[in-house]
Amino acid sequence: MSRKPYQPSMPANWWLKHPAYRFYMLREATVLPLLFFIGSLLYGLYCLSQGEASWLGWLNWMQQPWVMALNALALLASLFHAFTFFRLFPQVMPLRLGGRTLPASWMVAGQWLGVLLVFLALWWLLGGYHGSN
Amino acid sequence: MKQPDSIPSDKQHLSMTVQRYRPEQDDAPVWQSYQVPYDDSTSVLDALHWIKEQQDSSLAYRWSCRMAICGSCGVMVDGTPKLGCKTFLRDYPKGLKVAALANFPIEKDLIVDMNQFLHHLTALKPYLIGQPSSASEPNRQSPEQVKRYQQFANCINCGLCYSACPQFGLNPEFLGPAAIALAHRYNLDSRDQGKAERQPALNSKNGVWSCTFVGFCSTVCPKGVDPAAAINQGKIVSTMDGVIQWFSPKQLDTTPQEPTS
Ligand code: SF4
Ligand code: FES
């Protein structure tokens, strides 16, 4: 008897078919609100180079509810992406100390500690700016 | 008819829907439901045995060890790749769907053709290379040296990770999780000197760089191999390899025919 193997094909919506794939696509989709955030920043830089009126216009533009909502979404998206990235990092770069691999949970905690430190440093810097005003 | 000892008939039942593909009569797979008796210890593989013995002797599937070590009983259970002998009906009280492993051609019912995977595996030379064999002296390895690769050596070639990988599904030329994990395992082995022979394939576009770290391969692996970790550690190795080649004058001498257009 001759063979007749059935060749399966991937449907275009394969990424909707399993929770693991949906999670993966959500992780990849975090780039979309971040693109908007980067666009906003570049727009601000451009306005800054165009003089004070233009800069104040940008500040107003940034305070519109829909812009604030999209940028809040970008913040959430980047935190979610950081969460997934920090979890993957120990898999990609296991740190070895004295012949032992550092527990993944330590590395994840260390990365969040780094985030906290950067956040506090920014808080302090910006707070100082406001204080001197 | 005699019941198999493991499943007396007074047990509770659930509905197991099994994918059938009979090449002599079907053009595409079809689903067929069976009411199977089960208790706490009934595995998917036990249930398939029961169907084959009691209901339908034409059902085709693979198995051997029935203890999660031979790697032959891989199937999709409700869309997730699993070992039939390590998956229990008690965890699916509402019934379950059992299909052939995804991303491989189906030969018959639950039997797939895994040649593509085996082809990739052999291409990456998963064995010790350049090891001086001396009959008088064993090759010594410290426990630390063993630990570096041990996790990646636990692979049983079940192919579940290939069924979990959308990149392999979209591009069967992708060398894939288990083959790359095993290449990484030998590259990490202190007794091996074959890295230079494996690296060209790993560096190629169907090597480590085809992986987008979906990570599902590591989730489904029944042996905790974590092939996604191996592949993405392999990206670092591949990058270092590229940097070394870039600065190596010897390499420039041996590749004079760079396209200049
Ligand atoms: S890496 Fe895990 S899932 Fe993949 S073939 Fe090996 S044992 Fe199976
Ligand atoms: S029968 Fe051997 S792994 Fe399941």
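Just so it is clear: chains get the letters A, B, ... in the order the sequence lines come, proteins before strands, and each one is counted from 1. Hydrogens, waters and symmetry mates are skipped; everything else that's a heavy atom, side chains included, is used.
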Out of B/Pro29, B/Gly234, B/Gly169, B/Pro166, which one racks up the most heavy-atom pairs below 4.5 Å with chain A?
B/Pro166

Identify the two heavy atoms, one from A/Pro5 and one from B/Pro105, that lie closest to each other, and give their separation to 0.1 Å.
CB-CB, 4.1 Å

Neighbour count >12 (heavy atoms, 6.0 Å) for atom OH, A/Tyr46
no

Rounded to the nearest 0.5 angstrom, the CE-CD distance for A/Met10 and B/Gln167 is 8.0 Å

As an exercise: rank B/Thr212, B/Asp113, B/Asn232, B/Asn103 by heavy-atom pairs under 4.5 Å with chain A and give me the winner.
B/Thr212

Would you say A/Lys17 has more than 12 foreign heavy atoms packed within less than 6.0 Å of its NZ?
no

CZ of A/Phe37: more than 12 outside heavy atoms within 6.0 angstrom?
no

Heavy-atom pairs under 4.5 Å with chain A: which of B/Glu107, B/Arg148, B/Lys108 has the most?
B/Glu107

Rounded distance (nearest 0.5 Å) linking atom OH of A/Tyr21 with atom CZ of B/Phe216:
5.5 Å

Which atoms of B/Leu170 come close to chain A, meaning under 4.5 Å heavy atom to heavy atom: side chain ones, backbone ones, both, or neither?
both

Other residues, nucleotides and ligands only: do more than 12 of their heavy atoms fall within 6.0 Å of CE on A/Met93?
no

Assert top hit (heavy-atom pairs under 4.5 Å, partner chain B, pool A/Ser9, A/Pro19, A/Ala20) equals A/Ala20

Write out, in numerical order, the residues from residues 73-97 of chain B with a heavy atom short of 4.5 Å from a heavy atom in chain A.
B/Gly79, B/Thr80

Check the surroundings of atom CD in B/Gln25: do more than 12 heavy atoms from other residues, nucleotides or ligands lie under 6.0 Å from it?
yes

Taking everything shown except A/Trp106 itself, do over 12 heavy atoms lie less than 6.0 Å from its CH2?
no

Between B/Phe213 and A/Glu28, is a side-chain contact (heavy atoms from CB on, under 4.5 Å) present by the stated rule, with each step listed?
CA-CA 10 Å; B/Phe213 217 146; A/Glu28 300 298 293; over 6 Å; no

Is it the side chain or the backbone of A/Tyr6 that comes within 4.5 Å of chain B heavy atoms, both, or neither?
both

Which answer fits A/Phe23, side chain, backbone, both or neither, if we ask what part of it has an atom under 4.5 Å from a heavy atom of chain B?
neither

Please find the pair of heavy atoms, one from B/Pro23 and one from A/Lys4, that lie closest to each other, and give the distance.
O-NZ, 2.8 Å

Could you tell me whether a side-chain N or O of A/Gln91 sits under 3.5 Å from a main-chain N or O of B/Ala228, the two making a donor and an acceptor?
no

Measure distances from B/Asp27 to the heavy atoms of chain A and classify the residue's part below 4.5 Å as side chain, backbone, both or neither.
both

Need one label for B/Ala102: side chain, backbone, both or neither, based on atoms under 4.5 Å from any heavy atom in chain A.
neither

